[in-house]
**Student:** 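Here you go, one structure.
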Amino acid sequence: QVQLVESGGGLVQPGGSLRLSCAASGIIFNIDVMGWYRQAPGKQRELVASVTSGGGTNYAESVKGRFAISRDNAKNTVYLQMNSLKSEDTAVYYCNADKVRSIGGLVAFWGRGTLVTVSS
């Protein structure tokens with residue numbers, strides 16, 4: 001149905017920047033919200049940022065003012081610009097897409113994740 005592939009992760013020093021990308025393919029009609037989640041070792045997965053098809057955004061308090069999510073509907077791609085990175089941002093970042101079902105409800109799709117390591 002929908003395949004999500006993340007890219008852009010890597011090693012960066014504290015205070016540095018990275019830009020993550022997530023490309024969607026397959027049957028991409030009726031995708032509503034897309035977002036980024038992250039999971040650090042020993043911690044639960046948490047929402048980082050989300051964006052609707054109309055451009056509305058939502059951010060975790062810990063990343064407000066530092067991260068920015070954007071979406072290119074023509075390219076079926078969502079981005080996460082990460083600035084002023086801190087060591088606590090270290091995690092595997094996952095792309096998510098929620099698709100509206102014709103019979104009701106939503107189905108969630110997930111990428112395989114990309115690792116972001118913030119360390120000096």
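Because the structure is predicted, anything quoted here is derived from the model rather than measured.
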**Student:** Between the main-chain N or O of Ala60 and the side-chain N or O of Ser62, is there a donor-acceptor pair closer than 3.5 Å?
**Tutor:** no
**Student:** If only atom types and distance count, is the side chain of Arg19 paired as donor or acceptor with the main-chain N or O of Gln81 below 3.5 Å?
**Tutor:** no
**Student:** Report yes if some heavy atom in the side chain of Val116 is under 4.5 Å from a heavy atom in the side chain of Val118; otherwise report no.
**Tutor:** yes
**Student:** Check the side chains of Ser17 and Asn83 for a donor-acceptor pair under 3.5 angstrom, ignoring hydrogens and angles.
**Tutor:** yes
**Student:** Can Cys95 and Val78 be said to form a side-chain contact (heavy atoms from CB on, under 4.5 Å), step by step?
**Tutor:** CA-CA 8 Å; Cys95 182; Val78 64; 3.8 Å; yes
**Student:** Write down the atom of Ser53, the atom of Ile31, and the distance for their closest heavy-atom approach.
**Tutor:** CB-O, 4.2 Å
**Student:** Do Ile28 and Lys99 make a side-chain contact, defined as non-hydrogen atoms from C-beta onward lying under 4.5 Å apart?
**Tutor:** no
**Student:** Asn73 and Asn76: which non-hydrogen atoms are nearest, and at how many Å?
**Tutor:** O-OD1, 3.1 Å
**Student:** Any chain of hydrophobic side-chain contacts (each under 4.5 Å) joining Leu4 to Val107?
**Tutor:** yes
**Student:** More than 12 heavy atoms of other residues, nucleotides or ligands under 6.0 Å from CD of Glu88: is that the case?
**Tutor:** yes
**Student:** Look only at the side chain of Thr117 and the backbone of Leu11, and say whether a donor-acceptor pair between them is shorter than 3.5 Å.
**Tutor:** no
**Student:** Please determine whether a side-chain nitrogen of the Lys or Arg among Glu6 and Arg112 lies less than 4.0 Å from a carboxylate oxygen of the Asp or Glu.
**Tutor:** no
**Student:** Indicate the ring-plane relationship of Trp110 and Tyr94, choosing parallel, tilted or perpendicular according to the 30° and 60° boundaries.
**Tutor:** perpendicular
**Student:** Do the side-chain N and O atoms of Arg45 and Tyr37 include a donor-acceptor pair separated by under 3.5 angstrom?
**Tutor:** no
**Student:** At their closest point, which heavy atom of Ile27 faces which heavy atom of Val2, and how far apart are they?
**Tutor:** O-CG2, 3.0 Å
**Student:** Counting distance only, does the side-chain N/O of Lys43 pair as donor-acceptor with the main-chain N or O of Ala91 below 3.5 Å?
**Tutor:** no
**Student:** List the residues meeting side-chain contact (heavy atoms from CB on, under 4.5 Å) with Thr57, not counting sequence neighbours, and say none if there are none.
**Tutor:** Val51, Tyr59, Ile69
**Student:** Going only through I, L, V, M, F, W and Y residues with side-chain contacts under 4.5 Å, is there a path from Val12 to Val63?
**Tutor:** yes
**Student:** For the backbone of Arg101 and the side chain of Asn30, can you confirm whether one donor and one acceptor N or O come within less than 3.5 Å of each other?
**Tutor:** no
**Student:** I'd like to check Leu20 versus Met82 (side-chain heavy atoms, cut-off strictly below 4.5 Å). Are they in contact?
**Tutor:** yes
